[in-house]
Chemist: 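Once you've had a glance at the structure underneath, I'll fire off some questions.
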There are 2 protein chains.
Amino acid sequence: MNSPIETPAATRQSERLGEQIEERIVTGVYPPGTRLDEQELADMFGVSRTPVREALIQLASVGLIEIRPRRGATVPEVGADRVCEMFEVMAELEAMCGRLAARRITPGEQCALQEAHRACEAARDANTPDVYYQLNEVFHQRIYEASHNSFLVEQASALHRRLRPYRRLQLRVRNRMATSFNEHQAIVDAILKGDSDLAAAQLRAHVTVQGERFADLVATLRDFKAGS
Amino acid sequence: MNSPIETPAATRQSERLGEQIEERIVTGVYPPGTRLDEQELADMFGVSRTPVREALIQLASVGLIEIRPRRGATVPEVGADRVCEMFEVMAELEAMCGRLAARRITPGEQCALQEAHRACEAARDANTPDVYYQLNEVFHQRIYEASHNSFLVEQASALHRRLRPYRRLQLRVRNRMATSFNEHQAIVDAILKGDSDLAAAQLRAHVTVQGERFADLVATLRDFKAGS
DNA sequence: CTCTGCTATCTTGTATACAAAACGGTGATT
DNA sequence: AATCACCGTTTTGTATACAAGATAGCAGAG
């Protein structure tokens with residue numbers, strides 16, 4: 001009934017603009033520190049400044065950009081430490097999803113979860129990280145939904161989305177796909193077994209690892225920079 | 001250094017408008033279902049529609065109002081079940097704050113926490129629920145900050161703020177103040193002892209109770225309505 | 001009498017115009 | 001030569017004007 005992605009009557013320009021700009025931010029087209037000139041964006045998208053401003057305000061209130069009064073909008077420098085903080089919170093949110101899912105998951109959702117899991121397995125076997133990455137999103141989304149807490153689903157999804165670029169960095173780390181899948185397996189087992197504490201712990205660890213990988217990566221980059 | 005309330009260079013009108021409107025929503029001046037007419041608000045605040053729109057968009061992206069394209073902004077009917085979901089998430093966020101605080105709190109923050117706690121005690125002894133309510137906010141904020149995760153502080157603060165009206169409902173429930181203070185005591189003890197698991201559990205319970213109280217209240221109201 | 005279709009009005013969404021503040025550059029002074 | 005002050009330019013913030021979609025009321029048909 002509800003199609004997963006719906007933009008039916010998204011009549012509002014600013015909505016679309018917001019998504020476009022967000023896309024450019026998370027994909028690195030607008031790297032941190034970029035100044036977002038309203039007129040420039042307006043010209044680029046062929047609209048006036050008004051919808052651009054509305055889009056920027058919306059992005060700002062989600063934390064994706066920073067608007068300082070009278071000084072314009074900029075893509076914030078997201079200090080690595082802050083990203084780690086976000087992973088820390090994400091780990092807890094996912095753990096919570098897992099805990100609730102283990103207790104509340106319905107038979108239908110069990111099937112959906114296993115299906116998503118098997119799809120990941122196929123991507124692993126095919127050694128296609130990009131596909132795995134996408135299916136991984138679905139897998140986690142299934143767990144969110146199984147928590148039967150719509151507010152939690154929204155919060156978790158939002159943060160997950162915001163962390164996407166940093167997770168993407170680790171895509172091709174050695175064996176990451178296989179390791180990730182094994183962790184998924186343990187998570188699925190725990191949830192289906194109804195062991196909420198175990199599911200929470202597994203998910204927390206699964207996400208925490210991602211945060212640590214990110215920290216490792218940053219540290220490596222820093223050393224690289226210092227050494228050059 | 002940082003004064004608790006600061007609006008130093010809040011040059012942007014929409015910022016101020018947003019706070020004003022938010023205040024009216026959470027205090028019930030604009031009850032759920034209210035239609036927020038842009039022109040009306042503009043006239044009321046003596047500004048044009050532009051800043052009003054910006055304020056509304058900001059509120060919408062935080063979830064405080066709902067904007068349906070071409071159909072205006074309304075204060076959403078927040079179904080009781082959704083509020084319960086929010087309390088469920090809040091409990092976990094606070095638990096996380098407690099867990100981290102127990103591990104990371106600094107001596108200075110220990111003092112600040114105890115100070116806030118003693119202030120609550122005074123309010124309890126004076127039997128002044130309104131004062132206790134305010135000091136309770138400070139107390140929880142202290143714990144947030146002691147987590148040393150600024151992102152978490154932001155998230156927790158935002159949700160805490162959003163749940164304010166529902167927490168307020170329980171202010172004068174019998175013995176609530178005394179019970180709350182006792183729970184606070186256990187939380188403080190756990191944090192100062194450095195027992196992160198205990199601190200998390202205590203805080204989770206402390207918040208969960210609030211959610212349950214709210215559910216009780218709703219159920220009571222429903223029965224009352226049905227019986228009348 | 002009810003239901004449907006049209007129209008008038010109102011409200012939202014977007015564009016443009018105007019005011020004020022911040023930024024940059026130039027020139028004078030020490 | 002360096003620093004500070006002043007002025008012009010640029011950009012944000014707000015107001016107004018205009019276009020298009022939605023709502024409500026009325027009239028006519030069944």
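Just so you know, these numbers use all the heavy atoms, side chains as well, and skip hydrogens, waters and symmetry mates. Order of the sequence lines sets the chain letters (A, B, ...), proteins ahead of strands, with each chain counted from 1.
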Chemist: Distance check needed: dT11(D) P versus R71(A) CZ, whole Å only.
Modeler: 15 Å

Chemist: Enumerate the residues from residues 36-43 of chain B whose closest heavy atom to DNA chain D is under 4.0 Å, giving them by residue number; use none for an empty result.
Modeler: none

Chemist: Carefully, step by step, assess D43(A) and Q39(A) under the rule side-chain hydrogen bond (donor to acceptor under 3.5 Å, both in side chains).
Modeler: CA-CA 6 Å; D43(A) 295 342; Q39(A) 189 65 48; 3.2 Å; yes

Chemist: Taking side chain as C-beta onward, heavy atoms only, is L56(B) less than 4.5 Å from L41(B)?
Modeler: yes

Chemist: 5'-most contact on DNA chain C: R68(A) or G72(B), nearest heavy atom basis?
Modeler: G72(B)

Chemist: Start with the C-alpha gap between E94(A) and H140(A), add the side-chain angles, then the distance that decides, and say whether side-chain hydrogen bond (donor to acceptor under 3.5 Å, both in side chains) holds.
Modeler: CA-CA 8 Å; E94(A) 297 237 13; H140(A) 281 270; 2.8 Å; yes

Chemist: Rounded to the Å, how far apart are R70(A) CZ and dT9(D) C1'?
Modeler: 15 Å

Chemist: Report the C-alpha distance between R104(B) and E109(B) in whole Å, list the side-chain angles of each, state the deciding distance to 0.1 Å, and finish with yes or no for side chain to side chain contact (heavy atoms under 4.5 Å, CB included).
Modeler: CA-CA 10 Å; R104(B) 302 177 179 173; E109(B) 290 165 343; over 6 Å; no

Chemist: Applying salt bridge (Lys or Arg N to Asp or Glu O under 4.0 Å) as the test, list every pair that has at least one member in residues 72-86 of chain B; sequence neighbours left out.
Modeler: E154(A)-R82(B)

Chemist: Tell me every residue that passes side chain to side chain contact (heavy atoms under 4.5 Å, CB included) with T34(B), counting only those two or more places apart in sequence or in another chain.
Modeler: Y30(B), P31(B), L36(B), V75(B)

Chemist: Any N or O donor-acceptor pair under 3.5 Å from the base of dG13(D) to the side chain of R49(A)?
Modeler: yes

Chemist: Enumerate the salt bridge (Lys or Arg N to Asp or Glu O under 4.0 Å) contacts for residues 53-67 of chain A, please, sequence neighbours excluded, ordered by first and then second residue.
Modeler: E38(A)-R53(A), R53(A)-E54(B), E54(A)-R53(B)

Chemist: Applying side-chain hydrogen bond (donor to acceptor under 3.5 Å, both in side chains), name anything that partners R167(B), two or more places apart in sequence or on another chain.
Modeler: E137(B), H160(B), Q210(B)

Chemist: So where does chain B start and stop touching DNA chain C, 5' to 3', when the test is distance under 4.0 Å to a non-hydrogen atom?
Modeler: dT11(C) to dT14(C)

Chemist: Closer than 4.0 Å, any side-chain N/O of R35(A) to the OP1 or OP2 of dT12(D)?
Modeler: yes

